[in-house]
Amino acid sequence: MLVLDGLSKRYGDIYAVADVSLEIPAGGFVGIIGRSGAGKSTLLRMVNRLAEPSAGRILVDGQDVTRLAGRRLHCWRADCAMIFQQFNLVGRLDVLTNVLLGRLQRTPGWRSLLKLWTHEEKAVALSALDQFDIAQVAAQRADSLSGGQQQRVAIARALVQEPRIILADEPIASLDPRNTKTVMDALLRINKHYGITVLCNLHSLDIARLYCDRLVGMAAGRVVFDGAPEALTDTVARDLYGLEAGEVMDAGPAPDTLPAALPQPVLA
Amino acid sequence: MLVLDGLSKRYGDIYAVADVSLEIPAGGFVGIIGRSGAGKSTLLRMVNRLAEPSAGRILVDGQDVTRLAGRRLHCWRADCAMIFQQFNLVGRLDVLTNVLLGRLQRTPGWRSLLKLWTHEEKAVALSALDQFDIAQVAAQRADSLSGGQQQRVAIARALVQEPRIILADEPIASLDPRNTKTVMDALLRINKHYGITVLCNLHSLDIARLYCDRLVGMAAGRVVFDGAPEALTDTVARDLYGLEAGEVMDAGPAPDTLPAALPQPVLA
Amino acid sequence: QDWKAKYPELVFALIPEENASGVTNRWTPFAEYLSKELGTKVTLRLANDYAAIIEGQRAGNIHIAYYGPASYARAAMTGVKTEPFAIEVNQDGTKGYHSVFYVRKDSPFQKVDDLKGKNLGLVDPNSTSGNNVPRYALSKMNIDPEKFFGKVVYTGSHENAVIALQQGTVDVAANWWNDENESSLRRMERKGMAKYDDYRIIFVSDLIVNSPFAYLSDLPDDLKAKIRTAFFKFAADKDAFNQIYEGKRQPWQPVDHSAYLPVVELIKFVDELRKQKRS
Amino acid sequence: MAPSITRLSDTQLDAMMRAYDGAIAAKRRQTILGFAILAVAVAIAAQVGEVDLGKFGANLHRFGDYVGRLAHLDSGAIVLSDVGEWFWGLRRWLWLLGETLLIAYMGTLMGALGGFMLCFFAARNLMGSAVVRFATKRFLEVCRTVPEMVFALIFVIAFGLGPVPGVLALAVHSTGALGKLFCEVVENIDMRPVDGVKANGGSWVEVVRFAALPQVLSNFASYALLRFEVNVRGAAVMGFVGAGGIGQDLIEAIRKFYYSDVSALLVLIVGTVMVIDLATERLRHALLGLERA
Amino acid sequence: MARRPRLSADPTAAAARHPALFRRVTRARIATVLVIAAMLGLFALGIVVLEFDGRRFVQGLFRLGEFVVFMVPPSTGNWATFMIYLHALAETVAIALLGTLLAAVPAIAVGFLAAENVVPQFVIHFLSRRFLDTVRGVDELIWALIWVNVVGLGPFAGVLAVASANFGAFGKLFSEAIEAADPRPVEGVASAGGGRLAAIRFGLWPQVAPVIASQVLYYFESNTRSATIIGIVGAGGIGLHLAEQIRTLEFQHVSALVLMILATVAVIDWLSTLLRFSIIGRRETVG
Ligand SMILES: Nc1ncnc2c1ncn2[C@@H]1O[C@H](COP(=O)(O)OP(=O)(O)OP(=O)(O)O)[C@@H](O)[C@H]1O
Ligand SMILES: Nc1ncnc2c1ncn2[C@@H]1O[C@H](COP(=O)(O)OP(=O)(O)OP(=O)(O)O)[C@@H](O)[C@H]1O
Ligand SMILES: [Mg+2]
Ligand SMILES: [Mg+2]
């Protein structure tokens, strides 16, 4: 059970997240949707304490995560894997090492510091990479990969962490349909098999509807929708994204109808 | 008329792009699709000479772009605006200045180097930002923006360039549905109204089908499909992405049917 | 006078003496006095390295310079057109100081000859009293230090030489010595770093001529005369003069190049040593 | 006017323009104020520094005087005419150079290790505790502010004459200098990998090892090698502790006006500097592009 | 809460498929070990050649304490001396400021010339780097003598000597900072049709400015505290007093002077932090 209680984050005068309260039972697959800049990334970053909340508490099974420090904070972070929107790989290390960083909490310090991973660990990391079709680039430097490859490395890293919660910040933004499916399937599988909670920022409503048990809609830092995917009617979605009535979700109007609907261009 | 003639790019032993030949008439809206790592980004980067082709030529209206240098190369680059997958903004400059960089070719050097933009230039840049709903962050530093905001800044920069060709590398990867629509509509508008050629890497087949006149499918650096969107049948698409028969495009299977269809799990 | 137009500013440059502090404060009044007396601006410059003063005088930028004896000789030998006109005089009327060899008091050594195979501590290759004079003196005794002594080490400073002796790194150390009351060892004793009576002097060198004041040779004669007059007039004023030297010196006396011929000899000897090194 | 952009009306723009200009103005004012202060400071400094451009221009031709003298042997011939005579002390000098390199190496290595261990504690973006940061910074300042000479003297009294006190003085000073430079490199790193490793549950040491270190290694190497170079040239301390070295021979030659020796030694030292610089370049590129393929 | 997933995989199968990744002995690892061994070997050689003596070292450590006693309490004797020192310090700061700036401005230009990612022509950046090496290799004392020839003794010669001695180091450091910059913003500017100047101004400059600022400030600090060169050319300054007091063994003065310089250095350091963080922006720290 993950409880967010009145969580806020302020940058200067702007509230990136404002007074968010949520209860997320263990084993849920929660999609967080909302416009760009709504505060979705900031919310996830607060859950694993990469951003310090300006106000509010985060409770996990009754324990206050906002109070953790030192070794117990590291353990909590290892328990909730984060997949970053911008991947946050270490560009100058090779891909396999990047994935193995997910094992830091489970490896004695001296061994990891010398990069002396066991065969067992390397095998796990490689099979995670293999699962996403990128085992062949394991020895390359992370910053020489294509965008989608980097994103998959980040996901593999999160999986080898063996977390209790996964926080995924647009994990499929740079992926093609096939990889989108592979990644979402993997998240769904570990969610269903092991009851691991997944919190996932998503831009594609179709994907969100397909995979999530529950959707949370954010706007300007606040929660404005919270319910089952079915409850997210087109009207609600239009409100959330500020779309005009009649506009189709996840797609623009058919090309031939479009030019008429254009705003007035100024020609010069 | 943009002609790619036997274009290749090699990194070490790997061909990122291998022997690509294409003819793109002026005013086309071409979508480039393909799996992650297929070489889409590399292809676009070669067109505006950010990556030097290992072999082949690029002809624009009969002129060989691969031979350009100095001032004429800069003019060519100003003529073909690029929207990068990773945005490539100057993080330490404010948003408006980032957009105004699109005007470099049109501003006398001494004025731009001193950042002395005219009122008119700023007005254009602000309008472009406003079109994508981010005029309010104009004074913020680019690296403090959310992912989607950065992407829109990059698009605004491309538009103020008044290009003849737009090269867009996954311009909507980090965008929510509404912004996706805004951006694709804007690209479509300038394509239709002004006959500006658009080359656009896309991951979403639905979007690609909706907006593009023509689709080019790439796999392992080669062109494996080239035709009208209608010609991209599910069978062809499945081949392109290596999906299994029966799998729906742009979405995973419904959650309840899923666990059965899992690939071999690494998780045991 | 036409030289006033030609020399709107005269530069008077000093090197800090090896063994005194507060040089600027002590000399500033004198520079002001010179300005008044000569009727032209006199700028006081203190340079930490005499090479800079030699170069400056060579370029004609320094009109009056206070040199050490060896640095004056070096300037004269390398073709700087400079002329000494006044010399410092010690309290007891002598015009020089000495280089000495110290040994530890409890050691058996009584003269240099006893030290065969022992270690000699010099100061640094540029030091007059800590290197050049001792070597010159040894060569007069027909001693080649490199062969005679077990090891010859440069200790880096006069104080370091004493410390090295104290610690037994060397058995004999060269050092400067004015008289019973003024030497680096006395100074260290005052700081509590060493005891004067723990050491014995086994050799005292010939007199090393004191520091001269020298002006550019091609200054106009009347200007030179005026400078000389100003200097000696000042030296006659006991109070002002004692402020510069804290009462440790008698008034300056006139001097000319001939007084420095022995030092030039010494410098020539030092240059010879360099030529020997090559063979 | 860009055709593809719908220009907003001036009334709409007005508010935005004002908001933007307002936000920028604050920063611009700060910048202008900064430059104004700097200009005043420079003007005052020029006064104190007795800057006299007229004299500079009039006498600039003398720039070559000294250099010209360096190019001649005692006999008056140009140095290149008799290279054997010019480099008469080559064997001794090479020996000294080797010794100096060894001393500088020891001092730099110890200093670099010291600076390396301390810099992460002084970096604002990695060390949360202000107390630790403050203490580390002040310690580094003491290390580099107390003159090498003073350390040398202390170490001479403690350890006796010879290279040892020199090496230690160099090490202490290098620790202070490198610690500060390293610390600023660390403060400049990209923080995303840091977030990444933190999110994996990495401890502080692991964050440093896996997120910071790969980003800073090339810079560290180049600073350390620059320091090495400085230490090779740093004659003063070595002379002071009686360890000699090539630098002291150079100073001696300068002070005794053995012009051709000065130029010969300079050639050796400049050559050494070039070799070190080339090595730095290779090392840095290797670290920057570590298996880029 | 939830069951924890257990990951497991068959190492032998994985090793069979990716033998290169499972090799314990790799080229990189051998190289690392060899380099470290060589460095340690050289260090050991140094210990032998330079006659490090462990016993004396330990004894010496005890004697260190005695010495410090000479230095306390720090004192300048009287107020007048203190004011003189303060004045000399101000003078030194002024000269160091001017010298550092005078070195930095041309060094920025040469730094760009010497950076491989700005000037790809090998000859140009090779020559500019060797030029910088030469400037750096020439001893400070020689620079001082050269400038004394031109402008005579005095602070101006000090400014010029400081500038020439720093120029070589700046050029090298700047060019290396430029080479280490992130290429993506530069690509962004180039793709918008910016010329080389624009790419430097907008793509590189914002990235390297904080690095350059911190290096300039560091050298400013360094020139202030080790101002021997200023003393050599007769510009006075705190360095001269310090050298004098060390030579005459006035240790209380030495420690007082050091404290004064320390305070100045701390102020410069504080300014430097302020300036740098106003350029890079503040960021949260690792908790
Ligand atoms: N470090 C920061 N400094 C200042 N403002 C910030 C910072 N980080 C985020 N913000 C602001 O907080 C708001 C929320 O940002 P956040 O990254 O959480 O949005 P998001 O919902 O993830 O958007 P996207 O879908 O585009 O990634 C934005 O307006 C952003 O500009
Ligand atoms: N600088 C580089 N060095 C080495 N390999 C590279 C480099 N840049 C790209 N590659 C390789 O070239 C291939 C094509 O990369 P590219 O970025 O063009 O893919 P993409 O089609 O854009 O993929 P994505 O959809 O994931 O962005 C990839 O296998 C990538 O690893
Ligand atoms: Mg986000
Ligand atoms: Mg790509």
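Side-chain atoms are counted along with the backbone in the values below, which use heavy atoms only and exclude waters and symmetry mates. Numbers restart at 1 for each chain; the letters A, B, ... are given by sequence-line order, proteins then strands.
In this structure, the side chain to side chain donor-acceptor pair (under 3.5 Å) partners of D:Ser222, at least two apart in sequence or on a different chain, are E:Glu176. Contacts of A:Arg45 classified as side chain to side chain donor-acceptor pair (under 3.5 Å), with partners at least two apart in sequence or in another chain: D:Asp195.
With a 4.5 angstrom heavy-atom cutoff, D:Val208 does not touch chain A via any of its atoms.
A:Arg157 approaches D:Asn200 most closely through the heavy-atom pair CD-ND2, 3.3 Å. Across D:Gln215 and A:Arg92, no two heavy atoms sit closer than the pair O-NH1, 3.0 Å. When all heavy atoms are compared, the tightest approach of D:Gly202 to A:Leu104 is CA-CD1, 3.8 Å. Here the closest non-hydrogen pair linking D:Lys198 and A:Arg77 is O-CD, 3.0 Å. The nearest pair of heavy atoms linking A:Leu101 to D:Val197 is CD1-CG2, 3.8 Å.
Of the possible polar contacts, none joining the A:Gln161 side chain to the D:Gly201 backbone as a donor-acceptor pair under 3.5 Å is found.
The candidate from D:Ser203, D:Ala199, D:Ala211, D:Pro193 with the greatest count of non-hydrogen atom pairs under 4.5 Å with chain A is D:Ala199. In terms of heavy-atom pairs under 4.5 angstrom with chain D, the leader among A:Thr97, A:Leu89, A:Asn98 is A:Leu89. Comparing A:Leu93, A:Asn48, A:Leu167 by heavy-atom pairs within less than 4.5 Å of chain D, the highest count is held by A:Leu93.
No more than 12 heavy atoms of other residues, nucleotides or ligands shown are found within 6.0 angstrom of CZ on A:Arg57. Residue D:Gln30 qualifies as open at atom CD: its count of foreign heavy atoms under 6.0 Å is 12 or below.
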